[in-house]
Every structure is written in C-alpha cells, then in structure tokens.
Amino acid sequence: MKRRLTDLLHRYDGISLDELSRAPLMNRVDEKFAFPISKLEAFLDEMRPYYDVLNIDGKVIFDYTSQYFDNSSYSFFQDHHKAIPNRFKVRIRTYLDSNKSYLEVKEKIKGRTDKNRINIDGFTSDFSTDQRSFLLDRLRKQIDLKPVMVNSYRRITLVNKLAEERLTIDFDIVNGTLDAPECKNQTLSAIVIAELKQPRLDRTSPFYQLMKRELIRPFRISKFCFGMIDLYDEHRLKSNRFKAKKLLIQKLINNSSHASLPSTGL
C-alpha cells in the first residue's frame, strides 16, 4: 500500500520544508477525522487539485515515533478523559527520516492548541536542567514526569494551495513502550487519523467538505489516550468515557471489512 500511496502522492505538487513554513500553525484550532485505511487512496486522489504535499528528496510518506510522559497519577491522561478544557501533553517526537528529535509541550486552551518545542538528542527517561526549565516554563508548575508510552506511525502532510491550512494524515499507528514497542492491543492500527489544522475553523476547506459529503463527522481522538488504553488495564487507568469512541472505531473497521468482501452471488 505504501508504494501505491507514494505513486499517487508524486502526482501532487510538492513543497519543501522551507515552503511548509507558510502554514506553521503552532497556535491553531484542530479538527480530527477517523476513517478506515481502505478509503485513504480515494480521498487522496480527490484532494490533489487543492493541496500540495510535503516532498523531501522524493519522499512523501514520513516515519514518526513519539515518547509520551505523564506523572504517577496519569494526570495528563485523566485531564483528557475528563475533557478538561485546559490541559497538557508532553512528548518527545522523533522524525526518523531526518533523525531529529524535539521535546514538545502541547497545551489545549479552550479548543485552541498551542505547541512549543526545543531540540533534544532523542528519547530519555530523565531531563537535563535546561529541559526541566523549559517544561517548568510551559507547564507553569513542577511535575515529576516519567515515560509512559511510545508510538510509531506514518504521516503524510498536505498544505492547502490557497489558504493557511495544513492537513496531516497518520496511519499504520502502533503503540507500545521502549521495552516492548508493539503491545498486544492495537486499537488504531487499521484506521487513519486526519487532522485539519487552521488558524480558525473554516468549514469551506476542501477536505472538510469531503468529510461532510462522506458523512464522516469530526471525531475527538487522541493517539496518546488510545495508546494508553491499549497499554494499561482499567484498574490502573479509568477510561470508561472513551468506551463509546472505541466502539465507534471498531464499527468503522468492521464496516470497512464487510464492504471489501467479495459478493457471494446469493
């Protein structure tokens, strides 16, 4: 599938990393959509007139891996679970193709996302003095953090030709830990998470209109939260508010599987 997607994306107009800065969107609103991976090729083909693709030396699909942190009470996860409007996420993101890593703090502030990051050498279980200072500045209080999960995935990045808008498309999502990179449960492995990033919500976006036509509604979904659910049992992490979303994801997968079955002629 990766080869087919690559061939399709090479028919897009490409942009470089420098050109990607036309839509940095470190402070933004996000809308996420989830759909079966079987729909991805058709959706990408339809979006080609409206978007450019990040293309670095012919590479258009990039491999990412992230290490997430939380405290012993799993406060970041619990804030997501409770839908606290102001909440944080701390991770180290590594771009495997360039071997660059960043320590990132994402703050959700009443629907907007504010992301700040600094360079780091790679995954770690302990932070340097400068890194702790950065975390204290962004989190605004001292939090004793520990690594809680690692995930990996592939990403396609599209940029609207006419508007300040970026669309990231994540697939082949695998959750685990540093010691066990792939855990037994993999809720997100068969779906795509597409995230539309804009300075303010614009429903005239070509991708938003495609999702509307396909009856795919915006879906609040976090790779961090679902990875944590895959990794930790209910005795350690209360996750009942995510059960409906997990059932919906399974329904997406099941419907896609049934749709792809050959006709029996009966």
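Numbering of residues begins at 1 and proceeds along the displayed sequence.
Pairing each heavy atom of Q198 with each of S205, the nearest pair is NE2-CB, 3.7 Å. Across S222 and K89, no two heavy atoms sit closer than the pair OG-NZ, 3.7 Å. Summarising the geometry of C183 relative to L231, their closest heavy-atom pair is CB-CD2, 3.6 Å, with the distance given to 0.1 Å. Pairing each heavy atom of R93 with each of S66, the nearest pair is NE-OG, 3.5 Å. Of all non-hydrogen atoms in Y102 and K100, the two that sit nearest each other are OH-CD, 3.9 Å. When all heavy atoms of G122 and I92 are compared, the closest pair comes out as O-CD1, 3.6 Å.
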>> I'd like to know whether Y68 forms a side-chain contact (heavy atoms from CB on, under 4.5 Å) with N151, so could you lay out the CA-CA distance, the side-chain angles of the two residues, the decisive distance to 0.1 Å, and finally the verdict.
In response: CA-CA 8 Å; Y68 288 86; N151 71 5; 3.8 Å; yes
> Do F134 and S128 pass the side-chain contact (heavy atoms from CB on, under 4.5 Å) test, and can you show the C-alpha distance, the side-chain angles, and the key distance before you say yes or no?
Replying inline: CA-CA 10 Å; F134 166 74; S128 70; over 6 Å; no
> Passes salt bridge (charged side-chain N to carboxylate O under 4.0 Å, His left out), K161 versus D13? Steps please.
Replying inline: CA-CA 9 Å; K161 289 178 176 290; D13 292 330; 2.7 Å; yes
>> Using the rule given for side-chain contact (heavy atoms from CB on, under 4.5 Å), can you reason through L54 versus V159, listing the C-alpha separation, both sets of side-chain angles and the distance that settles it, and then say yes or no?
In response: CA-CA 8 Å; L54 177 62; V159 177; over 6 Å; no
> Can you list the steps and then say if R132 with D126 is a side-chain contact (heavy atoms from CB on, under 4.5 Å)?
Replying inline: CA-CA 9 Å; R132 290 181 183 277; D126 195 17; 2.5 Å; yes
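Connection of L145 to V148 is established within a shared hydrophobic cluster, with ILVMFWY side chains joined at heavy-atom distances below 4.5 Å, either directly or through further cluster members. Clustering ILVMFWY residues whenever any of their side-chain heavy atoms sit less than 4.5 angstrom apart, transitively, puts I15 in a cluster other than the one holding M47. Each of I173 and I156 belongs to its own hydrophobic cluster when Ile, Leu, Val, Met, Phe, Trp and Tyr are linked at side-chain heavy-atom distances under 4.5 angstrom. Hydrophobic clustering of Ile, Leu, Val, Met, Phe, Trp and Tyr side chains at less than 4.5 Å, counting indirect connections, unites F123 with M228. I249 and I216 sit in two unconnected hydrophobic clusters of ILVMFWY residues. Membership requires side-chain heavy atoms under 4.5 Å apart, directly or through other members.
Environment of CG in N86: crowded, with over 12 heavy atoms of neighbouring residues, nucleotides or ligands closer than 6.0 Å. Around atom NZ of K59, more than 12 heavy atoms belonging to other residues, nucleotides or ligands sit under 6.0 Å away. Counting heavy atoms of neighbouring residues, nucleotides and ligands inside a 6.0 Å radius, atom CG of N99 does not exceed 12 of them. More than 12 heavy atoms of other shown residues, nucleotides or ligands fall within 6.0 angstrom of atom CG in D137.
Using a cutoff of 4.0 Å between basic side-chain nitrogens and carboxylate oxygens, D30 and K197 are not scored as salt-bridged. With respect to the salt-bridge test (charged N to carboxylate O, under 4.0 angstrom), the residues D170 and K32 do not qualify.
In this structure, the side chains of N160 and L167 stay at 4.5 Å or more apart for every pair of heavy atoms. With contacts defined as side-chain heavy-atom distances shorter than 4.5 Å, the pair L20/L17 qualifies. Looking only at side-chain heavy atoms (C-beta outward), L196 and M211 stay at 4.5 Å or farther from each other. Counting only heavy atoms from C-beta outward, the side chains of I229 and T187 never approach each other to under 4.5 Å. Within the 4.5 Å cutoff, the side chain of I169 has heavy atoms near those of the L44 side chain. Residues I118 and D130 are not in side-chain contact: their nearest non-hydrogen atoms beyond the backbone lie 4.5 Å or more apart. Using a 4.5 Å heavy-atom cutoff, the side chains of R213 and L210 are in contact. At a threshold of 4.5 Å between non-hydrogen side-chain atoms, the residues M149 and N175 count as touching.
Here the SG-NZ distance, from C225 to K245, works out to 8.0 Å after rounding to the nearest 0.5 Å. Taken from CG in L252 to CG in L247, the straight-line distance is 11.0 Å, to the nearest 0.5 Å. Taking CD from Q78 and CG from L237, the interatomic distance works out to 6.0 Å, rounded to the nearest 0.5 Å. Residue R87 holds its CZ atom at 10.0 Å from NZ of K106, rounded to the nearest 0.5 Å. Between the CZ atom in R217 and the CD atom in E31 there is a gap of 10.5 Å [rounded to 0.5 Å]. A distance of 11.0 Å separates NZ in K238 from CZ in F77, rounded to the nearest 0.5 Å.
Side chain of Y12 to backbone of N55: no donor-acceptor contact under 3.5 angstrom is found. Using a distance-only test at 3.5 Å, with no hydrogens or angles considered, no donor-acceptor pair links the side chain of D45 to the main chain of R48. A donor-acceptor pair under 3.5 Å is formed between the side chain of R112 and the backbone N or O of P199. For the pair S73 (side chain) and S75 (backbone), a donor-acceptor distance under 3.5 Å is absent. Side chain of T94 to backbone of L96: no donor-acceptor contact under 3.5 angstrom is found. With hydrogens and angles ignored, the 3.5 Å screen pairs a side-chain donor or acceptor of D97 with a backbone N or O of D63. Checked by atom type and distance alone, the side chain of Q67 pairs as donor or acceptor with a backbone atom of T124 at under 3.5 Å. One N or O on the side chain of H81 and one on the backbone of N240 form a donor-acceptor pair closer than 3.5 Å. No donor-acceptor pair under 3.5 Å is formed between the side chain of E182 and the backbone N or O of G176. Of the possible donor and acceptor atoms, none in the side chain of K115 sits under 3.5 Å from a partner among the backbone N and O of E104.
Ring orientation note: the planes of F242 and F226 are tilted relative to one another, at an angle of 30° to 60°. The aromatic rings of F127 and F69 sit tilted relative to each other, their planes meeting at an angle between 30° and 60°. The aromatic rings of F224 and H80 lie perpendicular to each other, with more than 60° between the two planes, well past the 30° mark. Taking the six-membered ring for Trp and thresholds of 30 and 60 degrees, F88 and F76 have ring planes inclined between 30 and 60 degrees apart.
The only option from R154, R155, K223 that meets the salt bridge (Lys or Arg N to Asp or Glu O under 4.0 Å) definition with D172 turns out to be R154. Exactly one residue among R3, R4, R11 makes a salt bridge (Lys or Arg N to Asp or Glu O under 4.0 Å) with D7. That residue is R3.
Ring-centre distance between Y64 and Y95: below the 6.0 Å cut-off. Ring centroids of F33 and F207 are separated by less than 6.0 Å, placing the two rings close together. Side-chain rings of F35 and F43 approach one another, their centers coming within less than 6.0 Å.
Counting only N and O atoms by type, the side chains of R203 and Y208 include a donor and acceptor under 3.5 Å apart. For the residue pair D202/T204, the side-chain donor-acceptor check at 3.5 Å is satisfied.
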